[in-house]
Amino acid sequence: MASVCARHDTVGAMTIMGQMVKPEANTSEKPVHHVQAYFQRLGDTIAAELGEGSEAVYANLQRVAANQLENFNPSAHITHDDLIDYMLSADTLCKQADLDGKFAEPPLSLYHGGDFDISALIWLDGTTSIHQHAFCGAFHVLAGSSIHSRFQFDARQPTAKMQRAIPGRLRLVGLEVLHAGDTRIIARGSDLIHSLFHMIRPSLTIVIRTITDDPDAEVQYDYRWPGLAFDPFQRHAPTIRKLQYLRMLRALGKDAVLVHLHRVLANADLLLAYLLISEQTRISADPEQARELAAVCAALPAEERQLLAQVVHNDLLSQTVIDCRRKLHDPGHRFLLALLLNVFDRQELLRLVQREFHVDDPVDQVMAWVAEMTGNTERFANLIGLDFSTTELRMLTSMFRGAGLHAVLAQFSDRYGAAEVASQGEKLSALFVALKSCALFHHIFADLTD
């Protein structure tokens, strides 16, 4: 029998004056909370259908969990308030996965089935990286909504088992908006490379997954644009200590830290080089430094050095979008940020806006969001720190409609007069370049001509 999420002590009989006396019933014993009872039923149903033994769990959990989540539909029976009430009144819990709360904000295990676990994951401002799994199962949206993006990764060359980092090409193959009640499978390995961007605060997910998988059997890769797979859970002692020693040198303000960094990079493999350059560039916020440091990696082929610079540069830009997300709670604003983070084709981005929000003109909808996010409406203050005037908003509107610099200047001439635009031509051209290279828009405007 799988463990229950609360345990009750039994009280034995006592002998008084040679006679057996049954204790009085413990009228203060808590009744079983309905959250506990619900997930006990779900877990027991899954366990019974899976059969005995780890191999049966590994082979069948993906199918069984997805089917039973559809049948039970937790979103129709359990709320965020129910979980809060259960957790804050619980004296005991079943065995907890991720007790330190490293994944979710926070997690809560609701059923421990030996080889599998049922957990509720609460998300406030976090978003998952692009990743694959070394386990299998299924997940169910309990409350809120999330953008679910799926990807494919093509390695540049055959890979070795448990390879620390792999160069290749990453591409988006599907994007959907998940709502309460939606269930999706969690496939093991590269069959599911995905990310989740949560639009509603909070968003809640029920996850059923295997928990006794061999950690040495498969790498749970993270992925970075435009094409790097790496092991974020590696425990290679020299790699970890080199990172720690360079952090120590920075903390001491040692002038020689870059000299030491160059020395390590000269012999670094792809993973160590990525970790070192990424960390240094986050500190400096200088994408040019990423290119300079990548060039030092003499042990790597030229195409991998070029890939490193691209990946670290994109990490910087992506982090800007993720940081904006923490300031934005409106679902439409978060939807736009999720698209800007994952969709690099402007027409596809606009098509997705039109599909999800059922608007006639998706550009108008996007620009309404941008105006709100930058404090140009009465609904919101400037939430992201971009001081956009009417000029910036009009230019952005033209750029979202596919206008390059020449077309933008022609449109401005029609509105403001050719002489006025000619006198401001240099400033308007600089503004166009700034908007095109802005962290929020650099991917979707890459095709526009200067």
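- Looking only at distances, no side-chain donor or acceptor of Q280 sits under 3.5 Å from a matching main-chain atom of I277.
- Note on ring orientation: taking the six-membered ring where Trp is involved, the planes of F400 and F445 are perpendicular (angle over 60°, cut-offs 30° and 60°).
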Which side-chain N or O atoms in residues 133-142 pair as donor and acceptor under 3.5 Å with protein atoms at least two apart or in another chain?
unit_1 : atom_1 : unit_2 : atom_2 : d
H133   : NE2    : H131   : NE2    : 3.3
H133   : NE2    : H194   : NE2    : 3.0
H140   : ND1    : T183   : OG1    : 2.9
H140   : NE2    : S75    : N      : 3.2

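- Expressed to the nearest 0.5 Å, how far CZ of R171 lies from CD of Q152 amounts to 4.0 Å.
- Y221 is not listed as a side-chain neighbour of F153, based on a closest heavy-atom distance of 4.5 Å or more.
- With 3.5 Å as the limit, one finds a donor-acceptor pair spanning the side chains of H198 and S146.
- Judged by distance alone, the side chains of D315 and S318 never bring a donor and an acceptor atom under 3.5 Å apart.
- Using a 4.5 Å heavy-atom cutoff, the side chains of L276 and L243 are in contact.
- Salt bridge status for E303 with R156: absent, with no side-chain N to carboxylate O gap under 4.0 Å.
- A pairwise comparison of heavy atoms in H33 and S89 identifies CD2-OG, 4.1 Å as the closest pair.
- Ion pairing between D323 and R326 holds under the 4.0 Å rule for side-chain N and carboxylate O.
- Separation of atoms CG (L246) and CG (L265) is listed at 8.5 Å; rounding is to 0.5 Å.
- If you look at F380 and H333, their ring centroids are closer than 6.0 Å.
- Side chains of D81 and T79: a donor-acceptor N/O pair is absent below 3.5 angstrom, by distance only.
- Looking at R188 and Q62, their side chains never bring a donor and an acceptor atom within 3.5 Å of each other.
- Counting only N and O atoms by type, the side chains of E426 and S429 include no donor and acceptor under 3.5 Å apart.
- Looking only at side-chain heavy atoms (C-beta outward), L69 and L42 come within less than 4.5 Å of each other.
- Atom CD of Q244 sits in a crowded spot, with more than 12 heavy atoms from other residues, nucleotides or ligands closer than 6.0 Å.
- The backbone N or O of A160 lies less than 3.5 Å from a partner atom in the side chain of Q163, making a donor-acceptor pair.
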Determine, stepwise, if the pair Q289 / V312 fulfils side-chain contact (heavy atoms from CB on, under 4.5 Å). CA-CA 10 Å; Q289 187 178 47; V312 174; over 6 Å; no

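- A heavy-atom distance below 4.5 Å is found between the side chains of I384 and L440.
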Please tabulate, for the side chains in residues 353-365, all donor-acceptor contacts under 3.5 angstrom to protein atoms that are two or more places apart in sequence or on a different chain.
unit_1 : atom_1 : unit_2 : atom_2 : d
Q354   : NE2    : V359   : O      : 3.2
Q354   : NE2    : D360   : O      : 3.2
R355   : NH2    : L175   : O      : 3.2
D361   : OD1    : V363   : N      : 3.0
D361   : OD1    : D364   : N      : 3.4
D361   : OD1    : R401   : NH1    : 3.4
D361   : OD2    : R401   : NH1    : 3.3
D361   : OD2    : R401   : NH2    : 2.9
D364   : OD1    : R401   : NH2    : 3.1

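- Nearest heavy atom pair, residue H262 against residue L293, reads NE2-CD2, 3.5 Å.
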Please lay out, stage by stage, how R150 and L192 fare under the test side-chain contact (heavy atoms from CB on, under 4.5 Å). CA-CA 7 Å; R150 292 176 293 107; L192 177 65; 4.3 Å; yes

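- Looking at D117, its side chain never comes within 3.5 Å of a backbone N or O of I211 through a donor-acceptor pair.
- Contact between L61 and F116 at its shortest, heavy atoms only, is CD2-CB, 3.8 Å.
- A donor-acceptor pair is defined here as one N or O able to donate and one able to accept, closer than 3.5 Å; such a pair exists between the side chain of S109 and the backbone of A97.
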Quick one: side chains of residues 406-416, donor-acceptor pairs under 3.5 Å with protein atoms, not counting sequence neighbours, listed by atom name and distance.
unit_1 : atom_1 : unit_2 : atom_2 : d
Q411   : OE1    : S398   : OG     : 2.5
S413   : OG     : L409   : O      : 2.9
Y416   : OH     : R394   : NH1    : 2.5

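- Aromatic rings of F230 and Y274 (six-membered ring for Trp) have centroids within the 6.0 Å cut-off, being under it.
- At least one side-chain heavy atom of T128 sits less than 4.5 Å from a side-chain heavy atom of F103.
- Checking side-chain atoms of S149 against main-chain N and O of S195 turns up no donor-acceptor pair under 3.5 Å.
- Distance OG/S389 to CG/L431: 7.5 Å, rounded to 0.5 Å.
- A donor-acceptor distance shorter than 3.5 angstrom exists from the side chain of T127 to the backbone of L196, with no hydrogens or angles considered.
- Counted by atom type alone, T239 and R164 present one or more donor-acceptor pairs between their side chains at under 3.5 Å.
- For the atom pair CG (L300) and CG (N267), the distance works out to 10.0 Å, reported to the nearest 0.5 Å.
- With contacts defined as side-chain heavy-atom distances shorter than 4.5 Å, the pair L316/T320 does not qualify.
- Scanning both residues, A268 and A299, for their nearest heavy atoms gives O-CB, 3.9 Å.
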Applying side-chain contact (heavy atoms from CB on, under 4.5 Å), run through Q40 and Y111 and close with a yes or a no. CA-CA 6 Å; Q40 187 70 38; Y111 182 94; 3.5 Å; yes

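- Counting only heavy atoms from C-beta outward, the side chains of Q234 and I240 approach each other to under 4.5 Å.
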Take V370 and L336 through the test side-chain contact (heavy atoms from CB on, under 4.5 Å) and record every step on the way to the result. CA-CA 9 Å; V370 172; L336 178 59; 4.1 Å; yes

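- Across all non-hydrogen atoms, the minimal contact from I200 to P331 is CD1-CG, 3.3 Å.
- The main-chain N or O of I46 is never found under 3.5 Å from a side-chain atom of Q68 such that the two would form a donor-acceptor pair.
- A donor-acceptor pair under 3.5 Å is absent between the side-chain atoms of D100 and the main chain of K102, judged by distance alone.
- Side chain to side chain, D82 and H77 fail the donor-acceptor criterion of an N or O pair below 3.5 Å.
- Taking CD1 of I130 as the start and OH of Y223 as the end, the distance is 10.0 Å to the nearest 0.5 Å.
- When each of D269, L272, L308, V264 is checked for a side chain to side chain contact (heavy atoms under 4.5 Å, CB included) with C297, only L308 meets the rule.
- Between the side chain of H442 and the backbone N or O of A439, at least one donor-acceptor pair lies under 3.5 Å.
- Nearest heavy atom pair, residue M87 against residue L108, reads SD-CD1, 3.5 Å.
- A distance-only check finds a donor-acceptor pair linking the side chain of Q96 to the backbone of C94 [under 3.5 Å].
- Counting heavy atoms from C-beta outward, L383 and D330 have side chains that stay 4.5 Å or more apart.
- Between atom CD1 of residue I78 and atom OH of residue Y86 there is a gap of 11.0 Å, rounded to the nearest 0.5 Å.
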